[in-house]
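What follows is a set of notes on a single structure, which appears directly below.
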Amino acid sequence: MMDGIAGRIAERIRNGGPVSVAAFMTEAMFDPREGFYATKNPIGAGEDFITAPSVSQMFGELIGLWCAQVWMDMGQPKSFQLVELGPGTGQMMSDIVRAGRAVPGFLDAAQISLIEASAALKMVQGRNLTPLGVEVMWLNRLEDVPPGPAIFVGNEFLDCLPMRQAIKHEGQWHERLIGLSETGEAFAFVLGPPLGVEADLVPERLRDLPDGALAELRPGDQQAVDAIADRFKAHPGHALFIDYGPATSEPGDTFQAIRQHEKTDPLAAPGTADLTARVDFEQLAIFARSAGLDVAGPARQGDWLKALGIDVRAANLIRHAPEKKTAIARQLLRLTEPDQMGELFKVMAISTQGQTKPPGFTPEG
Ligand code: SAH
């Protein structure tokens with residue numbers, strides 16, 4: 001018997017037919033009573049998964065200095081919006097604020113907003129940010145951010161936005177849907193109808209692949225970029241995204257579930273595991289450029305953090321706390337080494353056209 005979220009999705013399938021991967025993800029993650037994010041904090045060593053801000057304070061501190069530099073390059077506006085998308089525990093914003101104190105005027109000018117869908121995580125963020133004595137506002141959608149110059153940051157935000165899958169079948173892209181197995185007791189992938197005009201959503205590089213190819217479509221990323229582009233045309237701004245995924249569009253199924261640091265079946269027990277898919281940075285850049293924005297990157301996370309001086313920051317921390325030398329050295333490797341987070345994770349900035357290129361990126365990227 002399927003109950004809880006699984007039962008509700010099964011009921012929806014029995015009534016209306018198979019659902020998209022995006023619809024399945026949304027129910028599993030944000031069901032208000034039992035969704036994976038809706039009810040608890042999954043981030044941290046004792047929880048379900050680890051993210052860069054929870055590996056080391058250095059990550060958020062460098063992002064804080066990046067924000068301060070970008071603010072200076074924008075001409076130090078007296079007031080600007082500093083916005084984090086999907087702040088998790090609030091760790092990164094707390095490190096941004098601590099590092100930002102070193103830059104005169106930066107925090108006085110910043111109006112901080114957090115865009116967070118989970119009520120449980122809003123509470124965790126409040127607890128972690130209140131001691132810093134900065135004023136923080138919670139908003140549901142990035143369209144609700146007040147006008148004015150803005151800096152957006154989002155670490156592992158895009159990867160959990162709804163993703164759809166398509167399979168090339170007899171020369172046409174069909175949506176890959178989730179239905180019920182023959183017994184009705186489990187979920188199973190099924191071939192859905194042709195995408196028709198929506199075949200435009202298939203990443204450009206993958207459109208002509210042969211039968212059997214699987215492509216992932218990221219309508220959630222496109223909506224986020226379009227909303228950012230709308231405001232960046234009226235008010236100057238930069239948005240920084242860090243996430244895991246390839247620099248150029250790749251075919252294949254990357255829908256994954258993580259529970260207690262282990263990969264599990266994404267269709268089993270929705271609501272009990274984190275569901276994500278790789279971000280397609282080539283397509284993200286195409287979305288941004290076609291919405292009229294400038295793009296920097298994708299840079300590999302390791303290269304980007306080194307360009308911003310993470311080695312120097314680590315050496316300073318060790319000088320102040322020699323007893324933590326081993327731990328800090330391990331955190332540095334975790335964030336930057338190619339076989340750890342340094343290469344799979346990419347960094348991309350999208351900006352109002354004609355702004356100074358933000359720091360950390362090579363002239364070509
Ligand atoms: N940035 C944090 C957390 C990453 S987990 C870190 O690096 O540790 C993803 C975060 O995005 C969670 O806080 C989740 O609740 C939030 N989130 C996911 N989809 C969202 C949406 N559509 N709107 C707002 N927040 C969302």
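All ligand and atom numbering here is 1-based and tracks the order in the structure.
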- Does the distance from a Lys or Arg side-chain N to an Asp or Glu carboxylate O, for Glu11 and Arg8, drop under 4.0 Å? no

- Electrostatic pair Arg218:Asp280 at N-O distance under 4.0 angstrom: no

- Task: Would you tell me whether Ser94 and Asn128 have side-chain atoms, one donor and one acceptor, within less than 3.5 Å of each other?
- Result: no

- Message: Taking salt bridge (Lys or Arg N to Asp or Glu O under 4.0 Å) as the cut-off, I'd like each qualifying pair that reaches into residues 58-80, sequence neighbours left out, listed once.
- Response: Glu61-Arg98, Glu61-Arg313

- Query: Would the number of heavy atoms belonging to other residues, nucleotides or ligands and lying under 6.0 Å from NZ of Lys40 be above 12?
  - Reply: yes

- Are there more than 12 heavy atoms of other residues, nucleotides or ligands under 6.0 Å from atom CD of Glu135? no

Ligand-protein N/O pairs under 3.5 Å (ligand 1):
| from | atom 1 | to | atom 2 | distance (Å) |
| --- | --- | --- | --- | --- |
| ligand 1 | 1 (N) | Gly86 | O | 2.7 |
| ligand 1 | 1 (N) | Asn155 | O | 2.7 |
| ligand 1 | 7 (O) | Thr51 | OG1 | 3.4 |
| ligand 1 | 7 (O) | Asn155 | ND2 | 2.7 |
| ligand 1 | 8 (O) | Thr51 | OG1 | 2.5 |
| ligand 1 | 13 (O) | Gly88 | N | 3.0 |
| ligand 1 | 13 (O) | Glu116 | OE1 | 2.6 |
| ligand 1 | 15 (O) | Glu116 | OE2 | 2.5 |
| ligand 1 | 25 (N) | Ala117 | N | 3.2 |

